[in-house]
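For reference, the structure is listed below as structure tokens.
Quick note on labels: first sequence line is chain A, next is B, and so on, each numbered from 1. All of these numbers come straight from a predicted model, not from anything done at the bench.
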Amino acid sequence: MKSIFAEKILWEVLSKWKKKDEESSRFDFLRATPFFSKLSNWQLKQVNEVFYERTYQDGEYIFEQGQPGAALFFIEDGQVAIHAKNKSDSLHLATLSKGQFLGELALLDEAPRSASAVAVGPSKLLALYRKDLEVFLNTKPEIAVEIYRALAAIVGDRLKATNELLHIKKEAA
Amino acid sequence: MTRAKRAQVFYGCLLAFGITLLVVLCWFLKGLFFPILTGAFLAYVLRPLKNSFRAPWLNDELRIFLLVSVMMVGLLWAASALRSITPGPVQVAELKTRMKYKFNEKFAEVMNIDEETKKGNKFYEYFKADLQPMIQQTNDYLKLGEEEEALFLEHYKNAEDEQKREYYKYYLKNIYTRIDNGERTIANVHVANKHDDLIHGLSLWILTPLMLIFLLLDNGQIQHFFMRLVPNRYFEMALIVIDELDDAIGRYLRGTLLECLLVGLSMTIGLFLLGVPISVSFAIGFISGLINAVPFLGPMIGCVIGLAYSLIAENIHPLIPGIGPQDLAVAVIALVMIVHLLDNAIFQPFVLGNAVNLHPLVVIIGIIGGSVMAGVLGMLLAIPTLVILRTCIQTLVKELKAYQII
């Protein structure tokens, strides 16, 4: 146990003294998202190792509606447009930018994506694969629990918002 | 030419160059193939053990170092323990002498061959031309090498033990079937070359533990490197395909290994109960377990080896009452059938599930094809290769359809 605390303290101290390099700016970026806000630098380092960095050109699909989901994406640079296709037309739902995330439900199961995501201009994204999170659950449960807790809070908030929207629509009708 | 087209041409050329380089390297470095494959296989099979072997105070490097150290110590201990029960060079020389003598004796008995006139029954006279090369080949195979002969003479020539003197008589009788000295000289040249090959081969096998350590140290870096090469369109699909393949192939390989181990152990225990010495039981059990990976043929070869031993068995002391040397052949056939039944009814369903659901015709063609391409090793690797190929194609087609690509 001593060595784990020593390693943690060492990381914390080093991170304070270290110049703003690529890794620490990545840590800052991750800590700004709800999923990793409570993780230490030492834990963020572990998470950072499992991320896949992907670069997209303008108009390139990140994922398409109806395809099975496998990963959660964080926008590190650029913008991403979210579209949902109906039977005949396509509906623009939102445009996400740096620091935001998309496809979070893929962390739960392989259910089909409910909308498509397209890069708007050159974009850089970080992908967290569902199975890597499941591995964390066995190997580093304290990290996995924080991520799942954040995911549960996000899904809960969305559910509340949807219920409120339905309520407003019902009253209006 | 547009940028996309230029990129296509560039990546196409790079892929073609990569494949050509890989083929050329595989051809020139084919000697490295099996040591590397063994290391990779061991790392793959041991990965769950590595993942479960963890403690909060252990970092990855120390964990792998401890795991490999424990494995090495375990292997050394097992090797020294096995050495005491595996047949040594003297026992091998004795077995070969007994086998050669008994084989010729039984053959002469069955074919009713007269020692003086060298004439046998009608069957023998009719098939003599076909049978003689086979008998000659078997005799050549069981012939003692120069070192083996020296060892045998050292231990058996002036032995006081009755049994050993009997075996020495077998040796003297076998000498009559020996071919001229010229062939022995050629055999010596082959032995010298074999020694050089052995040293060269052993130096290449150093790669196996290195491969094992480096692959155990990998925490997904290799997969991350290859994922960078996957186009964005196929990124998520590639993640799922790799994961499903890893899961299915891992389960199959680990299951097969465990099944072979259980079959080998059952055969060893069974033969030991039948009175076969522990060293011989272990040797036959080990071979039976190893070749059990080849469906149909595995149990048959195990049976043939057991029967071959029952041919020469003389002084057996079975733990099961009522079995004598004359019943050993029947008992070995019964044992092989029991082990085969155990394998089909218990080991396979529990350990493998329906991972090996190949059509029997595919299995037979695969085994024959494997043996034609790479001999015994090809025969052993044919079914795992077919299962892995089938899993790859099935998973790829399933995911390509799920991602609406095909």
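- Contacts between Glu399(B) and chain A at a heavy-atom distance below 4.5 Å involve the side chain alone, from C-beta outward.
- In this structure, NZ on Lys131(A) lies 12.5 Å from CD1 on Ile242(B), to the nearest 0.5 angstrom.
- Taking a 6.0 Å sphere around NZ of Lys38(A), one finds it holds 12 or fewer heavy atoms contributed by other residues, nucleotides or ligands.
- Proximity of a side-chain donor or acceptor of His224(B) to a complementary backbone N or O of Phe51(A) within less than 3.5 Å is detected.
- Distance check: Gln404(B) CD to Glu64(A) CD gives 7.0 Å after rounding to the nearest 0.5 Å.
- No more than 12 heavy atoms of other residues, nucleotides or ligands sit less than 6.0 Å from atom CZ of Phe65(B).
- Side-chain contact between Phe235(B) and Leu125(A) is absent, with no heavy atoms from C-beta onward closer than 4.5 Å.
- Minimum heavy-atom separation, Gly69(A) to Ile240(B): O-CD1, 4.5 Å.
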**Report entry** Derivation and outcome, side-chain hydrogen bond (donor to acceptor under 3.5 Å, both in side chains), residues Gln223(B) and Tyr129(A)
**Finding:** CA-CA 12 Å; Gln223(B) 185 178 328; Tyr129(A) 180 39; over 6 Å; no
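- Contacts between Glu110(A) and chain B at a heavy-atom distance below 4.5 Å involve the side chain alone, from C-beta outward.
- Between Glu236(B) and Arg113(A) there is a salt bridge, with a side-chain nitrogen of the basic residue lying less than 4.0 Å from a carboxylate oxygen of the acidic one.
- Summarising the geometry of Met227(B) relative to Arg54(A), their closest heavy-atom pair is O-NH1, 2.8 Å, with the distance given to 0.1 Å.
- Tyr61(A) places none of its side-chain heavy atoms less than 4.5 Å from the side chain of Arg233(B).
- In this structure, CD on Glu134(A) lies 8.0 Å from CG on Asp243(B), to the nearest 0.5 angstrom.
- Looking at Tyr403(B), its side chain does come within 3.5 Å of a backbone N or O of Pro68(A) through a donor-acceptor pair.
- At distances below 3.5 Å, not a single donor-acceptor pair connects side-chain atoms of Asn232(B) with backbone N or O atoms of Ile62(A).
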